[in-house]
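Data first, discussion second: the structure below is written as structure tokens.
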Amino acid sequence: MPRSTIARIDLQALRDNFALAQKLAGSARAMAVVKADGYGHGIRQVALALAEMAPKYAVACLEEALAIRDAGLRQPVVLLQGVHEEGDLSGCLAHGFEPVLHSQAQLKWLECCGDRPDFWLKVNSGMNRLGFRPAELPDVMAAIDAMGARPRLLGFVTHFACADDPSSTRTAEQTECFVQGTAAWPELMRSVGNSAAHFLPGQPLFDWSRPGIMLYGGSPSVGKIGPELGLKPVMTLEAPLISTRIVKAGEAVGYGSAWVAEQDTPMGMVAIGYGDGYPRHAGTDTPAAVGGQRIRLIGRVSMDMLAVDLTNAPDARPGDRVELWGETVGVDEVATCAGTISYELMTGITARVPREYR
Ligand SMILES: *Cc1c(COP(=O)(O)O)cnc(C)c1O
């Protein structure tokens, strides 16, 4: 019998979240961002589940895009980091992948490449990770014209640094910088906007938005949890209770004896730990649930197990399923307790945890 530690994936919730993204995108079309193995949900199953709805997918790299083709899907796939070597460009053409080129080195490869794929240009409007500054664009465009690649250029992409914070003025500044910097080429398409930008009132998303985390039910906005934004949880992380006991007042639980019972306390051990990707930084009081009843973690998370306080669920027995996050406990709540974001939790679930699809 396999251990029943499992990530249940609700593909209908995924589709509902995509429908919300497309609705919020208004006249822009939404490309489904499925990088990092579909944010830990399984790129193949996620891409297949969205096949009827998503006009385009986006991933970080070529290997991820190939997984979409392996699933038999024919939509264009945007490579958000472009390519890592010249030879990859011909692969892009063969497979219908659209690299986002962000550097002079990538432009050189494009110049040398015989058969060029459709591509995008990354504009650095203030994130300062990747891309050409607006002031560089006239020269970049001249170089593209000179190499005869202009017919393959789809448009401009930029990425926001602070869209998760509605009170920040940076998103408006970046938008203005992007609009002005690309104004000379109105015939080309524009793509801005991660999930967070979909929730900013009045934020233009131009031709293509790029929702990622919201498809999986995670909140992209600081201080909000997914359900508050109308998002449905897609992943339910579950593990069995494998032992229960009463810890007596004064006894400690787990490594470092980090938690000491103030009174006799019913507790249980759950078969999941950081070896499964559950965050070790989630300390005492991080929520979990059993039978729909909220309980809390106590002590340190081990590699293969963690301890919970069963005071709120005195009838819980070994074999019962504990929800680490899902319907009852939001993944965003656990992320906050662990000092991180839902992105890291979802993408961090390890291969030891089977994904089960519904
Ligand atoms: C990952 C990524 C996205 C999606 O971001 P979310 O915050 O998950 O919606 C969009 N655009 C780019 C360039 C990305 O790298």
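Both counts, for ligands and for their atoms, begin at 1 and track the order of listing.
- The option from H159, R210, M127, H198 that lies nearest to atom 4 (C) of ligand 1, judged by heavy atoms, is R210.
- A donor-acceptor contact shorter than 3.5 Å links the side chain of R15 to the backbone of A49.
- Given atom 14 (C) of ligand 1, the protein heavy atom at minimum distance is K35 NZ, 3.0 Å.
- Partners of V222 under the side chain to side chain contact (heavy atoms under 4.5 Å, CB included) rule, at least two apart in sequence or in another chain, are D164, D165.
- A distance of 6.0 Å or more separates the ring centres of H41 and Y39.
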Between E111 and K108, does the salt bridge (Lys or Arg N to Asp or Glu O under 4.0 Å) criterion hold? Intermediate values first, please. CA-CA 5 Å; E111 187 176 358; K108 262 270 168 285; 3.3 Å; yes
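- Partners of W185 under the ring pair (Phe, Tyr, Trp, His ring centres under 6.0 Å) rule, at least two apart in sequence or in another chain, are F156.
- Using modelled atom types, one side-chain atom of S219 and one backbone atom of S221 make a donor-acceptor pair closer than 3.5 Å.
- The shortest N or O to N or O distance between G212 and ligand 1 is below 3.5 Å.
- Remark: ligand 1 and M214 share no N or O pair separated by less than 3.5 Å (distance only, no angle test).
- Ligand 1 has no N or O atom lying under 3.5 Å from any N or O atom of K122, backbone or side chain.
- Residue contacts with ligand 1 for N194 involve both N, CA, C or O and side-chain atoms from C-beta outward (heavy atoms, distance under 4.0 Å).
- Of the polar atoms of R129, none of the N or O atoms is found under 3.5 Å from an N or O of ligand 1, judged by distance alone.
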